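Structure, as structure tokens:
In what follows, chains are A, B, ... by sequence order, proteins preceding strands, each numbered from 1. Remember, predicted model here, so these are calculated numbers, not experimental data.
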Amino acid sequence: MASEEMEQLVRREYTQGFVTDIESDTAPPGLNEDTIAFISKKKEEPQWMLDWRLEAFEQWKKMSEPDWSHLDYPPIDYQAISYFSAPKKPEDRPQSLDEVDPKLLETYEKLGIPLHERAALAGVAVDAVFDSVSVTTTFKDKLAEAGVIFCSISEAIREHPELVKQYLGTVVSRGDNFFAALNSAVFTDGSFVYVPEGVECPMELSTYFRINAANTGQFERTLIICDKQAQVSYLEGCTAPQRDENQLHAAVVELVALDDAYIKYSTVQNWYPGDEDGKGGIYNFVTKRGDCRGDRSKISWTQVETGSAITWKYPSCLLRGDDSVGEFYSVAVTNGRQQADTGTKMIHIGKNTKSTIVSKGIAAGRSDQAYRGLVKILPRAENARNFTQCDSLLIGDQCGAHTFPYQEISNSKSMVEHEATTSKIGEDQLFYCQSRGINEEDAVNMIVNGFCKDVFQELPMEFAVEAEALLSVTLEGSVG
Amino acid sequence: MLEIKDLHASIDGTEILKGINLTINPGEVHAIMGPNGAGKSTLSAVLAGNEGYEVTQGTITFEGEDLLEMAVEDRARAGLLMGFQYPVEIPGVKNVYLLKAALNAQREARGEGEIPAPEFMKLVREKLAYMKMDNSFLQRAVNEGFSGGEKKRNEILQMLVLQPKLALLDEIDSGLDIDAMKVVSQGVNSLRSEDRSILMVTHYQRLLNHIEPDVVHILMDGRVVKSGDKTLATEVEDRGYDWLTEGSVA
């Protein structure tokens, strides 16, 4: 959809009143079969879905939280968490931008976020928020014309059960890992996309629509299926800092690409990182995996990670089809007390499969981050190719960056290349820029953006511009 | 333009500059020569504002202002620009972007607005041609993969675009073949004007055949031991530096 069209839509006067389809019920803290049944009922799910959830819960109970990551956080009490909370009532939310933290608004300003979006992002109630219903309807019509299904996962479970049954949990199984099992048991929200054979999705499925969603689920579940020769570009997240009362986030994203299909998945993650001491920040434990199930299929992950107190995330590709291609482009920025353990897995199963990994880590303040990557080439994957480039940039001397590359190669007809660098942001580079009259902060931004260029150029244009602005806001005050 | 009085500077506690006095008037071209370890690079670094060096004594006045009190970027904005001996590479940052940011920073300091894009491109293309550089230079990352000669040309290109009041050239001739030397000196010579001064630091007299200085200073062991006109450079080329210290002892 053209952005002007979008602008017009969102400027339209609010006419229908605040729409909410969930009664403001909140499940009591704790997790057991009853909680899961409650969620399933709230979502008006069929029995098979509830059964699916309960089986996941059974598996989860037998699992323990992974402790191999390079992260340090206090133990999470899973019985103290409420697994279902309805969005805040309008009267409990800020009634206008005047009631919103001026610091937050200042950040929106710096990021260049349009005025009407700021209100929505800050959670302002009722008439300040643009009418999401009409926007949703209009773009849905356009997608429907092309035969693309784009809806919430809950809606998909009700309206397209055959597709959900066929694909849900086939990329990330319920027992895949501790957080995936938890998510499978209690997920409450997320997106569903199906692009039918031969269709190129007529618009980028962007964050623009996502911010209208009532609230972002704590346990999001996203499933994207691209049928043969279909294409889609999906944009997740938002550059604006997002606050959330739920500290623990454990999302699962599954992508399925059939023969000759192409899925491009871009993420900008900017959850609240916590205060100066790291208090109150979001813990983000995400399982993202793409399955290049068909021959010549391609899945490309691009992520810009700047938020959260804790990030645990490894968007991966299973390269099953012959000649399939997996890509991972990542910029992870940590400042303050943030910790990130992120990377990717490329599993080469089919012949002539190719993967590319470009990871750029920037650590500032007292933050700590790790790149963790696995390139696995199975015996059948003849002529598989991988190229990995993994660079870290340190700002200051109290931060840390670590690289954990793993390679498992089981045939001799493959090629794996790995390049890694760690550098401190060059005093001499800074000096050079400053001696040209450029102030220190601008110089840092310039150097950091240059460092990330290989990844930013993979982002959709609009996102790339925002990402650059986001980087400078994130690193503000990290030098000097 | 520039007045250095009794300048002492040290690095890691070792005194390198031991009382430098130097005055450069508008329109003058000065050359500083001296053997290795005389303090030439230290002097350039102190003028540019490199924090690795500690000024322990003395003053530097630039255009009536206390230069030592000015931040690195403010020196550049005030019109003191350093051409580096070893320009650093900045991966991913396009040359054109650095040039524009630098020019706009100066304009901002002068209270002017940002330069309009077409005007900027016209200016840059003109200067590129003058330095016999291809337009593709603009799209390449700053100094990344540049040959020694290309880096030096790029330094002069920045001077031509930024038009400093005082151009400080640190060993601008090092690593240049004869053709590149001609282009670089042509660029520097085009900067000469009544209200602009140039301070060159060099090892070799050959640069001074291309860029004729008004004044030559010989720097040895952290002091200016002799100043004279351009014939002093030729004399040093013929006789070496030793006679100067012997003379000063005698």
Side-chain angles (χ1 to χ4, degrees), chain A residues 304 329-331 333 358-362 389-397 419-459 464-465 467-469 471-472 475 479-480, chain B residues 44-53 70-110 139-144 151 154-155 157-159 161-164 167-168 170:
Chain A
V304 178
Y329 299 96
S330 168
V331 166
V333 191
V358 178
S359 164
K360 304 278 180 177
I362 300 147
Q389 187 181 338
C390 180
D391 301 321
S392 307
L393 188 66
L394 305 176
I395 301 176
D397 51 12
E419 290 176 13
T421 64
T422 299
S423 50
K424 279 196 72 172
I425 192 160
E427 293 284 330
D428 48 350
Q429 289 177 336
L430 275 178
F431 184 66
Y432 188 82
C433 294
Q434 286 176 271
S435 75
R436 295 298 175 256
I438 299 164
N439 71 42
E440 190 171 33
E441 199 147 309
D442 289 348
V444 168
N445 284 335
M446 196 186 269
I447 294 165
V448 168
N449 274 306
F451 175 77
C452 300
K453 201 192 69 181
D454 296 347
V455 174
F456 284 170
Q457 69 191 16
E458 295 296 324
L459 286 171
V465 175
E468 284 189 22
L471 227 64
S472 58
L475 291 173
V479 181
Chain B
S44 313
V46 168
L47 287 170
N50 189 324
E51 284 177 3
Y53 298 84
M70 293 163 80
V72 180
E73 58 264 37
D74 293 335
R75 297 179 192 203
R77 290 170 186 194
L80 188 155
L81 207 62
M82 164 97 157
F84 286 84
Q85 183 179 5
Y86 301 111
V88 66
E89 301 188 359
I90 312 179
V93 177
K94 284 180 187 172
N95 232 353
V96 66
Y97 188 65
L98 178 79
L99 272 174
K100 198 171 179 186
L103 183 58
N104 280 331
Q106 287 204 353
R107 290 173 65 106
E108 192 192 312
R110 291 197 296 260
Q139 300 306 319
R140 288 169 67 184
V142 177
N143 293 318
E144 196 181 33
K151 283 183 182 172
N154 201 33
E155 292 294 287
L157 173 73
Q158 294 180 8
M159 299 263 173
V161 171
L162 298 174
Q163 298 281 319
L168 189 60
D170 189 10

- Item | Interchain contact, B/Pro164 with chain A, by part (heavy-atom threshold 4.5 Å) | neither
- Message: For B/Leu162, which atoms come within 4.5 Å of any heavy atom of chain A: side chain, backbone, both, or neither?
- Response: side chain
- side-chain contact (heavy atoms from CB on, under 4.5 Å) with B/Ala76: which residues, sequence neighbours excluded? B/Leu81
Go through chain A and chain B and list any donor-acceptor pairs closer than 3.5 Å, backbone and side chains both.
residue  : atom : partner  : partner atom : Å
A/Gln429 : NE2  : B/Glu89  : O            : 2.9
A/Tyr432 : OH   : B/Asn143 : ND2          : 3.4
A/Tyr432 : OH   : B/Glu155 : OE2          : 2.4
A/Tyr432 : OH   : B/Gln158 : NE2          : 3.2
A/Gln434 : NE2  : B/Glu73  : OE1          : 3.0
A/Arg436 : NE   : B/Gln158 : OE1          : 2.2
A/Arg436 : NH1  : B/Met82  : O            : 2.8
A/Arg436 : NH2  : B/Met82  : O            : 2.9
A/Arg436 : NH2  : B/Glu155 : OE1          : 2.7
A/Arg436 : NH2  : B/Gln158 : OE1          : 3.2
A/Gly437 : O    : B/Arg77  : NE           : 2.7
A/Gly437 : O    : B/Arg77  : NH2          : 2.9

- Message: Ignoring hydrogens, what is the shortest heavy-atom contact between B/Ala105 and A/Gly437? Give both atom names and the distance.
- Response: CB-O, 3.1 Å
- Just wondering, do B/Ile90 and A/Cys433 contact through their side chains at under 4.5 Å, heavy atoms? yes
